[in-house]
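Below is one structure, written out as structure tokens; comments come after it.
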Amino acid sequence: MKYDFAAIEKKWQDNWERTKPYAATNGDTTRKKFYGLIEFPYPSGQGLHVGHPRPFTAMDVITRKKRMEGYNVLFPIGFDAFGLPTENYAIKNHIHPAIVTKNNIANFTKQLKMLGYGFDWDRCVDTSSPEYYKWTQWIFLQLVKNDMAYKDTMSVNWCTSCKVVLANEEVVNGVCERCGAPVIHKEKSQWMLRITKYAQRLIDDLDDVDYIERVKTQQRNWSGRPTGAEVIFKTTAGDDLTVFTTRCDTLFGATYMVLAPEHAFVEKWKDRITNWDEVKAYVDASARKSDFERSELNKEKTGVKIQGVMAVNPVNGKEIPVFISDYVLVTYGTGAIMAVPAHDDRDWEFAKKFGCEIVEVVKGGDVEKEAFTLKDDTGVMVNSGFLNGLTVKEAIPTMKKWLADKGLGQEKVNYKLRDWVFSRQRYWGEPIPMVNCEKCGWVPLPEEELPLLLPKVESYEPTDDGESPLAKMTDWVNTTCPCCGGPAKRETDTMPNWAGSSWYYLRYMDPHNDKALASKEAMDYWSPVDWYNGGMEHTTLHLLYSRFWHKFLYDIGVVPTKEPYQKRTSHGMILGEGGEKMSKSRGNVVHPNDIINQYGADTMRLHIMFIGDFEKSVSWSNEAVKGSKRFLDRCWNLMDMATKETAISPENEAIVHKTIRKVTSDIDDLKMNTAIAALMTMVNEFYANGLSRGDLEQLLLLLSPFAPHMVEEMWELEGFAKKYGKMAMQMNWPSYDEAKTVDAHVEMAVQINGKLKGTVTMKTDSGEAAVVAAAMALEKVKKATEGMTVVKTILVKNKLVNLIVKPAK
RNA sequence: GCCGGUGUGGUGGAAUGGUAGACACAGGAGAUUUAAAAUCUCCCGGUAGCAAUACUGUACCGGUUCGAGUCCGGUCACCGGCACCA
């Protein structure tokens with residue numbers, strides 16, 4: 001009989017659709033629970049990409065094994081449906097984004113079902129449905145109530161092409177992460193979330209979760225946590241100028257100061273600044289520059305000296321000049337720095353260009369040639385008054401204490417993390433449930449009025465001045481104040497696409513609840529997510545954001561755990577045939593559908609797991625898929641070879657037990673490639689030794705997480721389904737007996753002085769005397785030991801014997 | 001520059017400090033076939049040799065060890081992330 005994968009896969013998918021073997025049960029205390037999560041896809045118009053099945057299949061394999069091990073498994077799926085590409089598609093084709101989304105979700109659903117994943121489809125969520133975003137809005141209202149959201153006019157990242165504000169995390173090398181257009185700064189009034197309040201906990205609590213190390217490191221680096229000091233400088237304008245520095249030990253070397261062009265003092269000092277025109281021109285020019293121009297292209301330092309205001313170095317009372325320059329960032333620290341040109345590359349470069357004084361305060365370099373920046377903190381202080389003779393390591397606390405005693409400064413931790421810009425001037429997102437009343441200011445909508453539905457508009461295009469398309473809907477915008485009943489206007493910006501995905505794992509626990517985002521019982525039962533796999537690209541975006549929301553929800557008593565995800569792993573990318581990134585423009589995109597049509601879903605699943613180390617990127621090869629198909633054919637053909645015997649055959653006992661052990665531990669360790677290799681080895685042995693029906697039964701159980709359709713068909717054909725009254729996937733995961741994994745004989749290596757000379761076949765667990773005797777009997781060993789004395793033998797049980805020889809005296 | 005990671009056959013990749021290259025892809029030889037596909041069996045790091053075999057071999061240099069792809073020190077290359085973050 002031929003392996004007709006198309007018919008078999010359809011048959012079993014229909015069966016699962018009907019019988020729902022993947023349904024998770026809330027509150028089942030008779031079994032341990034396991035919540036496995038994969039990042040839900042954005043339903044793009046292109047459909048499933050070959051990158052999707054890698055993490056999906058891996059978690060499907062893991063959860064299938066967990067079910068067989070007796071766990072109550074929650075393995076859900078949904079769609080992260082709000083987002084710009086859908087909106088852009090709608091603009092271009094004049095179709096409502098909701099319709100585009102619906103069609104795309106239908107297409108994704110069909111494609112995912114073709115892969116035979118064990119999702120609990122009854123829990124499917126769509127972040128763009130009002131039933132869902134009602135609760136996204138509800139969380140936002142809680143953030144507002146707890147002073148975690150605020151509206152602020154500030155300089156924000158503005159994508160010139162998408163015409164939308166971007167969060168810091170969405171700007172990559174000065175360009176828009178999504179479209180690649182340059183990002184400039186714009187003053188805009190924005191909703192902001194105080195993620196910085198959670199910075200310390202977002203760092204500290206990483207110690208309590210089981211994330212792969214590179215994810216932890218990346219999150220720590222992103223949040224940042226340099227410890228330094230804030231130092232106050234008096235100025236001749238009367239204002240105290242505060243700076244942040246990690247090197248307060250070099251304060252005696254601070255010979256000038258620099259303000260960011262956006263620093264508030266620049267405007268404040270307008271009347272005192274004698275070269276105001278020059279200063280103003282520089283400020284305006286900086287504002288027009290994109291981030292990209294400011295950093296990448298702008299190697300040469302620029303700036304203007306502020307005439308008319310001087311600062312005073314608090315340690316020596318010296319008057320020092322003040323500059324403005326865009327190498328100082330307004331968004332970090334206090335937006336101003338003390339410049340120590342002798343010991344900072346940037347300051348040195350600037351000082352050379354503008355003729356500032358360079359004073360050496362740490363011995364060891366030639367500060368006229370280049371800045372002396374220390375790699376360690378053992379340098380000795382000079383020209384530094386009371387610090388002279390101390391090492392840098394000693395000078396830092398000494399100076400901190402001195403500053404604190406004089407009231408001139410204090411220790412300070414400055415996170416790199418910034419508050420989260422939460423407004424988007426876009427249509428296809430969750431409306432922000434706030435109204436602006438002339439009398440009462442910004443007022444949240446009452447919770448009973450949620451969801452605030454996204455109204456239908458004529459045109460989705462954002463305006464050039466940065467207003468959301470919703471701003472044109474005057475009927476919708478004009479409303480009454482929930483507080484005083486007077487006229488008020490709705491917020492017309494929407495939430496970023498990171499909003500819905502920040503809490504979706506909670507909704508899966510209780511997806512149809514209309515009283516709460518999920519019931520307390522459901523959250524108590526399923527929390528936390530036991531294993532979450534997703535892309536590295538989300539480490540400082542989605543993963544960080546959702547941890548933040550979760551911690552907030554924990555603080556207000558909504559969720560039962562401090563952290564949302566107990567374990568986080570990450571998959572490598574699937575690259576095109578030449579090792580290049582897959583992209584439409586390169587024309588090297590592989591669609592799973594094509595592979596499924598040609599070889600079947602089971603081959604697709606098996607191959608994407610076999611292809612290489614799960615954590616590393618790997619090139620896709622259409623040729624190599626054949627090998628996986630060949631393996632399944634070989635498995636299928638075993639049905640003709642198997643004898644009637646229902647027990648595991650004696651000649652295959654060791655290989656079967658060894659393979660069970662290997663596959664079991666490899667799946668837990670996410671080493672699917674070697675698990676499959678072990679299965680292939682076992683099948684090769686079956687071909688060599690012959691096999692019993694009992695041997696085949698074990699193979700089917702081990703293979704079922706990888707190739708569920710074919711296995712169920714064979715399970716039925718071989719009569720196992722009838723015998724046990726269950727599908728293979730409902731059986732217990734096979735167990736092994738350690739004693740039976742041992743072969744009767746082993747091949748051992750024989751080394752002379754650590755060099756391989758040959759092998760001997762020995763009875764398992766042979767003693768040293770027997771092994772040495774066998775080794776000495778080898779022709780090559782005899783030759784090598786001729787005229788030598790064996791001074792030492794090293795025996796590694798069942799592995800090797802190493803004879804250490806010396807010339808005989 | 002900082003942080004993290006990776007360097008193994010023609011290719012994807014295996015190897016708790018213990019026989020390097022498992023398992024596959026590609027390639028070669030044979031069987032089967034009228035023929036092809038499919039399938040089955042064998043070979044397959046390099047150099048020398050008909051062969052047995054010998055030497056050599058995990059980016060490079062050194063060290064520890066009876067024994068190193070694996071551990072330690074240094075160098076180089078590539079990939080990912082961050083970055084005028086004071």
Counting any heavy atom closer than 4.0 Å, what does [X] reach on the DNA or RNA strands: base, sugar-phosphate only, or nothing?
X: A:S617; result: sugar-phosphate
X: A:E747; result: base
X: A:D613; result: sugar-phosphate
X: A:I337; result: base
X: A:F631; result: nothing

Which way is the base of B:G10 turned, syn or anti, if we draw the line at 90° from 0?
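Nucleotide B:G10 adopts anti.
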
Name all residues meeting the side-chain contact (heavy atoms from CB on, under 4.5 Å) criterion together with [X]; count only those two or more places apart in sequence or in a different chain, and write none if there are none.
X: A:D669; answer: A:K671
X: A:M639; answer: A:W636, A:L696, A:M714, A:L717, A:E718
X: A:E39; answer: A:Y504, A:Y532, A:H538, A:H542, A:R568
X: A:E537; answer: none

Could you check A:G335 against A:F614 and say which one's nearest nucleotide on RNA chain B is further toward the 5' end?
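The residue whose closest nucleotide sits nearer the 5' end is A:F614.
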
Between A:D344 and A:V796, which has a closest nucleotide on RNA chain B that is more 5'?
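Nearest-nucleotide comparison on RNA chain B picks A:V796.
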
Considering only heavy atoms, which members of residues 663-675 of chain A lie under 4.0 Å from some atom of RNA chain B?
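When residues 663-675 of chain A is checked for heavy atoms under 4.0 Å from RNA chain B, the hits, listed by number, are A:K671, A:N673, A:T674.
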
Between B:A86 and A:Y332, is there an OP1 or OP2 to side-chain N/O distance shorter than 4.0 Å?
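Result: yes.
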
A:Y256 vs A:F323 aromatic rings, parallel, tilted or perpendicular, using cut-offs 30° and 60°?
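Perpendicular: the ring planes of A:Y256 and A:F323 meet at over 60°.
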
Could you tell me the separation between the [atom1] atom of [X] and the [atom2] atom of [N], rounded to a whole number of Å?
X: A:E615; N: B:U6; atom1: CD; atom2: C1'; value: 13 Å
X: A:I212; N: B:G81; atom1: CD1; atom2: P; value: 15 Å
X: A:K629; N: B:C23; atom1: NZ; atom2: P; value: 22 Å
X: A:L800; N: B:U19; atom1: CG; atom2: C1'; value: 8 Å

If the P atom of B:G62 is compared with that of B:G57, how far apart are they to the nearest Å?
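Each nucleotide's P atom is 12 Å from the other's.
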
Contact list (N/O, under 3.5 angstrom) for nucleotides 65-68 of chain B vs protein:
| from | atom 1 | to | atom 2 | distance (Å) |
| --- | --- | --- | --- | --- |
| B:C66 | O2 | A:N802 | ND2 | 2.5 |

Distance only, no hydrogens: is a donor on one side chain within 3.5 Å (strictly under) of an acceptor on the other, for A:T334 and A:E230?
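The answer is no; no qualifying pair exists.
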
A:Y327 versus A:D347, side-chain donor and acceptor atoms under 3.5 Å:
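Yes, A:Y327 and A:D347 have a side-chain donor paired with an acceptor closer than 3.5 Å.
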
Pairing residues for A:K352 by the side chain to side chain donor-acceptor pair (under 3.5 Å) criterion, not counting sequence neighbours
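Residues passing side chain to side chain donor-acceptor pair (under 3.5 Å) with A:K352: A:E368.
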
The criterion is side chain to side chain donor-acceptor pair (under 3.5 Å); which residues satisfy it with A:R634, sequence neighbours excluded?
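Listed in chain order: A:N684.
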
Ion pair A:D4/A:K2, N-O distance below 4.0 Å
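Salt bridge flag = no for A:K2 with A:D4.
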
Pair pattern of RNA chain B in dot-bracket, where unpaired bases get dots and | marks partners in another strand, Watson-Crick or G-U under 3.5 angstrom
(((((((..(((.....[....))).(((((.......))))).((((....))))..(((((..]....))))))))))))....

Donor-acceptor contacts under 3.5 Å from residues 756-765 of chain A side chains, at least two apart:
| from | atom 1 | to | atom 2 | distance (Å) |
| --- | --- | --- | --- | --- |
| A:T764 | OG1 | A:D743 | O | 2.4 |
| A:T764 | OG1 | A:A744 | O | 2.8 |
| A:D765 | OD1 | A:N798 | ND2 | 2.9 |

Encode nucleotides 35-56 of chain B as B, S and - characters from 5' to 3', where the letter depends on protein heavy atoms closer than 4.0 Å: B to the base, S only to sugar-phosphate, - to neither.
----SS-------------S-S

Could you note down all residue pairs passing salt bridge (Lys or Arg N to Asp or Glu O under 4.0 Å) where residues 603-619 of chain A supplies at least one of them, sequence neighbours left out?
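Salt bridge (Lys or Arg N to Asp or Glu O under 4.0 Å) check on residues 603-619 of chain A returns A:D60-A:R605, A:R214-A:E615, A:D613-A:K616.
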
